[in-house]
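Right, one structure below, let's go through it.
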There are 2 protein chains.
Amino acid sequence: MGSLKYAADRLAANQRPPLSEAQEDYLKQVLLLGSEGRGTDRLEDTTTVSTQALAERMQVRPASVTGMLKKLAELGLVEYEAYRGVRLTQAGHRVALEVLRHHRLIEAYLHQALGYGWEEVHSEAEKLEHHISEAFEARIAQWLGHPSHDPHGDAIPSATLELPQSLPNRRLVGLEPGSTGRVARVATQDQDSLNLFAHLGLKPGARVELLEHAAEGSRIRVGKERYLLPASLAQVLWIHLEEENHANPA
Amino acid sequence: MGSLKYAADRLAANQRPPLSEAQEDYLKQVLLLGSEGRGTDRLEDTTTVSTQALAERMQVRPASVTGMLKKLAELGLVEYEAYRGVRLTQAGHRVALEVLRHHRLIEAYLHQALGYGWEEVHSEAEKLEHHISEAFEARIAQWLGHPSHDPHGDAIPSATLELPQSLPNRRLVGLEPGSTGRVARVATQDQDSLNLFAHLGLKPGARVELLEHAAEGSRIRVGKERYLLPASLAQVLWIHLEEENHANPA
DNA sequence: CCCATTTTTTAGTTTAGGCTAAACTTATAG
DNA sequence: CTATAAGTTTAGCCTAAACTAAAAAATGGG
């Protein structure tokens with residue numbers, strides 16, 4: 001009786017029962033995985049995501065993923081077809097963007113307000129993103145001046161969940177030798193990789209030149225130093241080219 | 001096998017396996033309840049705490065409390081004797097103080113850095129206290145200048161978990177009519193009560209005069225206004241008297 | 001000092017989100 | 001067009017932390 005009443009109230013107010021931390025994380029990773037591995041860094045979940053990819057990302061067994069996907073499908077947050085993968089629904093997409101907004105705002109705040117290194121903010125934000133109120137979100141967004149990107153160069157969805165326009169970027173691994181540009185995004189969540197990038201000075205905004213691609217990786221120049229960047233890392237480094245003509249694509 | 005090895009490692013490093021949010025909350029409330037209802041506001045858990053009191057505070061059934069207390073006793077965090085109540089062990093006391101430090105530092109930070117009203121900070125801190133790292137704790141403590149009290153006037157345990165010295169305070173409900181002093185602590189976690197105190201201007205530091213005690217509550221003066229404060233609220237308002245002689249207690 | 005009331009415990013469920021092992025699909029290679 | 005590999009799902013089990021119902025213990029008033 002009571003529960004029916006509350007359910008009706010939620011329906012009337014168009015509210016969702018609160019999602020668990022795990023559920024939010026799954027939705028976020030479906031969005032991120034669905035947008036990965038393509039030539040653009042836009043966050044659109046065109047692609048369908050596999051159970052296995054999700055299992056690896058969540059550090060969980062595939063069987064556990066199946067269980068969770070069924071639950072999320074019942075909640076109307078994903079479209080799930082057995083053996084074929086998942087994709088976010090409208091509602092699920094909104095939740096994922098909300099979580100991402102929290103995550104990236106927190107990263108920006110930790111960096112700018114509390115002096116965290118840009119490579120340190122991810123893991124702290126990972127824990128906090130599920131536990132802040134809308135009031136907290138609003139206050140740090142305001143303190144930061146409603147930033148469009150976080151310290152890794154990732155776009156921050158606006159309060160209305162639109163994604164800001166980003167400059168055209170390409171993965172370092174796909175550039176022509178001789179190209180020069182600035183780091184736009186460091187698109188990894190792996191702490192060791194982040195530490196390495198930070199150590200090499202490869203943070204968003206840094207100027208970098210691609211010397212050549214070799215079998216062992218890509219040779220690059222950063223300031224006066226030259227490095228050999230393994231392909232796995234050159235994959236996740238997005239560069240905004242300097243000398244390109246953006247004015248007249250026609 | 002593996003688990004034995006890890007257990008041994010933890011023992012060697014004198015580490016505890018991480019506690020759940022619920023476990024931390026129980027320990028915190030044992031500390032708070034054990035220090036309540038006495039003439040002092042020092043945080044010492046001399047008293048033993050009943051299952052029932054804990055159940056009310058945690059919004060949970062007594063049976064659930066019993067279950068949790070048994071678990072905490074196994075972990076060596078409380079001394080628990082059936083039918084007689086609980087008390088924190090050394091180790092449990094330390095955990096409780098750590099959680100309290102997190103909570104109160106967060107409250108202070110929300111108030112001073114992000115402009116939250118002092119009556120708004122409790123519930124946000126309640127969620128965040130379990131999810132911040134030691135690095136975060138250290139950074140906000142430093143930003144704040146290592147404060148000794150939070151916006152409600154509650155003492156903040158230091159990094160080494162010592163409690164700062166507080167001025168001698170007494171509950172409003174126990175003062176003699178005619179006394180004047182300043183609000184030292186607003187010792188409630190109830191949001192409605194906090195809102196009311198805030199509305200009346202009864203925040204830490206505010207000057208207040210006790211006019212008289214009546215059956216319906218205590219008549220007070222705050223600035224130019226006079227109010228009748230129900231006994232339940234006069235209970236939780238701690239006053240630092242102005243005209244008392246603290247210099248020579250002998 | 002006994003009985004009624006209150007408090008606490010016991011025993012058995014529930015829900016969320018993991019796990020393993022086995023079974024089943026889909027894709028791929030002959 | 002099968003046979004096998006790779007990927008996925010099912011079934012069954014586990015733990016944490018809540019719950020309920022009922023039994024047992026403690027307490028306090030007459």
Side-chain angles (χ1 to χ4, degrees), chain A residues 1-3 6-7 16-30 33-34 37 47-75 77-87 95 99 126-127 130-131, chain B residues 1-3 6-7 16-30 33-34 37 47-87 92 95 99 126-127 130-131:
Chain A
M1 290 277 218
S3 69
Y6 288 126
R16 244 187 310 287
L19 298 176
S20 71
E21 200 170 326
Q23 291 172 330
E24 289 183 353
D25 274 331
Y26 274 94
L27 294 172
K28 181 178 71 168
Q29 294 302 345
V30 172
L33 284 169
T47 320
T48 213
V49 174
S50 75
T51 302
Q52 181 147 78
L54 228 22
E56 271 165 32
R57 193 56 85 78
M58 306 282 307
Q59 304 269 60
V60 133
R61 292 308 163 109
S64 305
V65 174
T66 301
M68 181 57 95
L69 293 183
K70 284 183 172 175
K71 206 162 310 173
L72 292 173
E74 269 177 31
L75 292 171
L77 298 168
V78 300
E79 281 168 35
Y80 170 57
E81 205 176 338
Y83 297 101
R84 320 244 92 176
V86 264
R87 162 183 320 204
V95 172
V99 176
E126 199 71 14
K127 290 175 297 185
H130 308 289
H131 303 288
Chain B
M1 289 275 222
S3 69
Y6 288 126
R16 244 187 311 287
L19 299 175
S20 71
E21 198 171 326
Q23 291 171 330
E24 290 183 353
D25 274 333
Y26 273 95
L27 293 172
K28 181 178 74 168
Q29 294 302 346
V30 172
L33 284 169
T47 321
T48 213
V49 174
S50 74
T51 302
Q52 172 117 290
L54 230 20
E56 272 167 30
R57 192 56 83 81
M58 308 281 306
Q59 303 269 59
V60 134
R61 292 309 164 109
S64 307
V65 173
T66 300
M68 181 58 94
L69 292 183
K70 285 182 173 175
K71 207 162 309 172
L72 291 174
E74 269 178 30
L75 292 171
L77 297 168
V78 300
E79 283 170 35
Y80 171 57
E81 205 175 339
Y83 297 101
R84 318 242 98 188
V86 265
R87 162 182 321 203
V95 172
V99 175
E126 198 73 13
K127 291 176 295 186
H130 308 289
H131 304 288

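Everything numeric here is computed off the predicted structure, so don't read it as measured data. Every chain is numbered from 1 and lettered A, B, ... according to where its sequence line falls, protein lines coming before strand lines.
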Value rounded to 0.5 Å, distance of CE in B:Met58 from CG in B:Asp25: 5.0 Å
Whole angstrom is fine here: how far is it from CG in A:Leu72 over to P in C:dG17? 9 Å
Tell me whether the OP1 or OP2 atom of C:dT20 has a side-chain N or O from A:Arg61 closer than 4.0 Å. yes
Measure from CG on B:Asp25 to P on D:dA17 and round the result to the nearest Å. 11 Å
Which whole-number value in Å describes the distance from B:Glu21 CD to C:dA16 C1'? 15 Å
Whole Å only: how far is the CD atom of B:Glu24 from the P atom of D:dA17? 11 Å
Quick one: is B:Lys71 getting a side-chain N or O under 4.0 Å of the D:dA17 phosphate, OP1 or OP2? yes
Apply side chain to side chain contact (heavy atoms under 4.5 Å, CB included) to B:Glu56 and list each qualifying residue two or more places apart in sequence or on a separate chain. B:Gln52
May I have the distance from A:Glu74 (atom CD) to C:dA16 (atom P), rounded to whole angstrom? 10 Å
Partner residues of B:Ala63 under the side chain to side chain contact (heavy atoms under 4.5 Å, CB included) criterion, sequence neighbours left out: none
Interatomic distance, B:Met68 CE vs C:dT8 C1' [rounded to whole Å]: 17 Å
Round to the nearest Å and state the distance from A:Leu19 atom CG to C:dT15 atom P. 18 Å
Residues that B:Glu21 engages under side-chain hydrogen bond (donor to acceptor under 3.5 Å, both in side chains), provided they are two or more places apart: B:His131
Show which side-chain atoms of residues 66-82 of chain B pair as donor or acceptor with protein atoms under 3.5 Å away, not counting sequence neighbours.
from: B:Thr66; atom 1: OG1; to: B:Pro62; atom 2: O; distance (Å): 3.3

Would you mind building the protein contact string for nucleotides 1-12 of chain D? One character per nucleotide, 5' to 3', B for base within reach (heavy atoms under 4.0 Å), S for sugar-phosphate only, - for untouched. ------BSBB--
Got a second to check how far A:Glu126's CD is from A:Lys28's NZ, nearest 0.5 Å? 3.5 Å
